[in-house]
Amino acid sequence: MKSDQTALLLIGYQNDYFSPQGALHCVIEESARLNNVLCNTATLLNAIASSPVLSVATPIFFTSTYEELTEPVGILKTIRDVKAFQSGTFGAEMSQELQPFAENILEIPGKQGFNAFDKTNLDYLFKKRGITNIVLAGAVTSICIDSTGRYAHERGYRVTVLSDCTSARTSFEQNFYCENIFPLYAEVMSCTELVHCLT
């Protein structure tokens, strides 16, 4: 996998998911802890810091009134109900463990749903940079990671999902997606395996 044609796409690395004080921490707490997701992601970012790999974060932000959400259901309704990811709040900020790498991470705003490409200029950015490989990390495995991965695959990108840098709602769900769903359209590997694959 050529480093200069690869983008690491960081999804949901925000305090409302990953901080113990986060409004939605309980949603992914078990999976994130068992996978050691934050530590693994920080290790990966450190390993690729001097490489041409493009690191991109797509945080999700809402206004205090959640006017962006029209009759939300499921997780988006929960986000509104618990007042998560409000722009300018602690919960919307980048996870503390990733902040030391912030100047190496390009932040692309606009995400307000599951698919990181929707309402963002990710596709334009990747095509402009000659990106052909997209590596997915973050939360939530069965929602944003899966939605983004499928979309990227359908647009012709080669997709890789990092099994130890993604968090699901339960450890069972994490394993199920990594073993049965992602292999249908993507490669699944650990962050260490990824580093060894980069050229």
Side-chain angles (χ1 to χ4, degrees), residues 1-14 17-18 27-28 30-32 34-38 40-41 43-45 47-48 51-60 73-76 105-106 108 110-199:
M1 190 183 304
K2 292 185 177 179
S3 298
D4 60 354
Q5 296 176 1
T6 300
L8 172 63
L9 189 49
L10 303 161
I11 300 174
Y13 283 96
Q14 293 167 265
Y17 271 144
F18 285 99
V27 173
I28 64 168
E30 178 193 16
S31 176
L34 291 176
N35 275 5
N36 211 9
V37 165
L38 289 173
N40 290 337
T41 305
T43 299
L44 173 61
L45 286 167
I48 64 172
S51 82
V53 172
L54 177 65
S55 296
V56 179
T58 57
I60 189 167
V73 297
I75 187 69
L76 291 177
I105 299 172
L106 179 62
I108 302 294
K111 183 176 182 289
Q112 295 176 344
F114 302 153
N115 175 10
F117 285 85
D118 187 36
K119 298 181 181 174
T120 69
N121 68 346
L122 273 181
D123 197 37
Y124 172 79
L125 171 69
F126 290 158
K127 284 182 167 49
K128 183 179 178 183
R129 297 280 188 103
I131 299 298
T132 57
N133 308 305
I134 295 178
V135 180
L136 299 176
V140 173
T141 297
S142 61
I143 306 171
C144 295
I145 302 300
D146 187 43
S147 294
T148 302
R150 288 173 191 251
Y151 183 92
H153 169 73
E154 290 168 357
R155 293 304 176 278
Y157 294 100
R158 178 183 174 190
V159 179
T160 300
V161 179
L162 298 178
S163 58
D164 57 351
C165 293
T166 47
S167 296
R169 295 175 297 173
T170 65
S171 56
F172 172 83
E173 183 177 88
Q174 177 71 15
N175 292 334
F176 181 81
Y177 268 77
C178 287
E179 294 171 8
N180 299 284
I181 304 299
F182 294 144
L184 297 174
Y185 63 84
E187 288 189 73
V188 179
M189 63 179 69
S190 69
C191 60
T192 303
E193 289 170 329
L194 173 69
V195 172
H196 290 153
C197 283
L198 292 170
T199 58

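In this chain, numbering begins with 1 at the start of the sequence shown.
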Problem set entry | side chain to side chain contact (heavy atoms under 4.5 Å, CB included) between Leu106 and Arg129, worked out | CA-CA 13 Å; Leu106 179 62; Arg129 297 280 188 103; 4.3 Å; yes
Problem set entry | Close side-chain approach of Glu187 to Arg158, heavy-atom, < 4.5 Å | yes
For this session: Taking all heavy atoms of Ile11 and all of Cys144, pick out the closest pair and write down the distance.
Result: CG2-CB, 3.8 Å
Exercise. Between Phe126 and Tyr157, what is the shortest heavy-atom contact and its length?
Worked result: CB-OH, 3.4 Å
Problem set entry | Crowding at NZ, Lys127 (>12 non-hydrogen neighbours, <6.0 Å) | yes
Problem set entry | Close side-chain approach of Leu194 and Ile48, heavy atoms under 4.5 Å | no
Problem set entry | Between CG on residue Asn36 and SG on residue Cys165, distance to nearest 0.5 Å | 9.5 Å
Exercise. Listed by chain and number, what are the side chain to side chain contact (heavy atoms under 4.5 Å, CB included) partners of His196, not counting sequence neighbours?
Worked result: Thr192
For this session: Working to the nearest 0.5 Å, report the span between NE2 of His153 and CD1 of Ile134.
Result: 12.0 Å
Seminar exercise, completed: Minimal heavy-atom distance between Ala168 and Ser31, with the atoms involved, is N-OG, 3.0 Å
Problem set entry | side-chain hydrogen bond (donor to acceptor under 3.5 Å, both in side chains) against Thr166, all qualifying residues, sequence neighbours excluded | Gln174
For this session: Measure across Tyr17 and Gly12 and return the closest heavy-atom pair with its distance rounded to 0.1 Å.
Result: CD1-O, 3.5 Å
Problem set entry | Point-to-point distance, once rounded to the nearest 0.5 Å, from OG1 of Thr120 to CD of Gln112 | 10.5 Å
For this session: May I ask you to check whether Thr6 and Asn133 show a side-chain donor-acceptor distance below 3.5 Å?
Result: yes
For this session: Taking Ser167 for its side chain and Val140 for its backbone only, find out whether a donor-acceptor pair lies under 3.5 Å.
Result: no
For this session: Under the side chain to side chain contact (heavy atoms under 4.5 Å, CB included) rule, what do Leu44 and Leu162 come out as? Steps first, then yes or no, please.
Result: CA-CA 10 Å; Leu44 173 61; Leu162 298 178; 3.5 Å; yes
Problem set entry | Whether Tyr185 and Phe182 hold their rings parallel, tilted or perpendicular, with breakpoints at 30° and 60° | perpendicular
Problem set entry | Stepwise side chain to side chain contact (heavy atoms under 4.5 Å, CB included) test for Ser142 and Arg169 | CA-CA 8 Å; Ser142 61; Arg169 295 175 297 173; 3.9 Å; yes
For this session: Check Ser3 against Leu198 and note the closest heavy-atom contact, atom names and distance.
Result: OG-CB, 3.6 Å
Exercise. When rounded to the nearest 0.5 angstrom, what is the spacing between OG in Ser55 and CD1 in Ile105?
Worked result: 6.0 Å
Problem set entry | Check: Ile145 main-chain N/O paired with Thr148 side-chain donor or acceptor under 3.5 Å | no
Seminar exercise, completed: The side-chain hydrogen bond (donor to acceptor under 3.5 Å, both in side chains) partners of Lys119 (sequence neighbours excluded) come to none
Problem set entry | By side-chain hydrogen bond (donor to acceptor under 3.5 Å, both in side chains) - contacts of Thr58 (at least two apart) | none
For this session: Taking the side chain as every heavy atom from C-beta outward, state whether Phe18 and Val37 have any atom pair closer than 4.5 Å.
Result: yes
Exercise. What pairs meet the salt bridge (Lys or Arg N to Asp or Glu O under 4.0 Å) rule with one or both residues in residues 132-153, with sequence neighbours excluded?
Worked result: Asp146-Arg150
For this session: Supply the atom-to-atom distance Thr41 OG1 to Asn35 CG, rounded to the nearest 0.5 angstrom.
Result: 9.5 Å
For this session: Specify the closest pair of heavy atoms between Pro59 and Ile108, including all atoms of both residues, with the distance to one decimal.
Result: CD-O, 3.8 Å
For this session: Would you give the length of the straight line joining atom CG of Leu38 to atom OG1 of Thr43, rounded to the nearest 0.5 angstrom?
Result: 10.5 Å
Problem set entry | For Asp164, all residues meeting side-chain hydrogen bond (donor to acceptor under 3.5 Å, both in side chains), sequence neighbours excluded | none
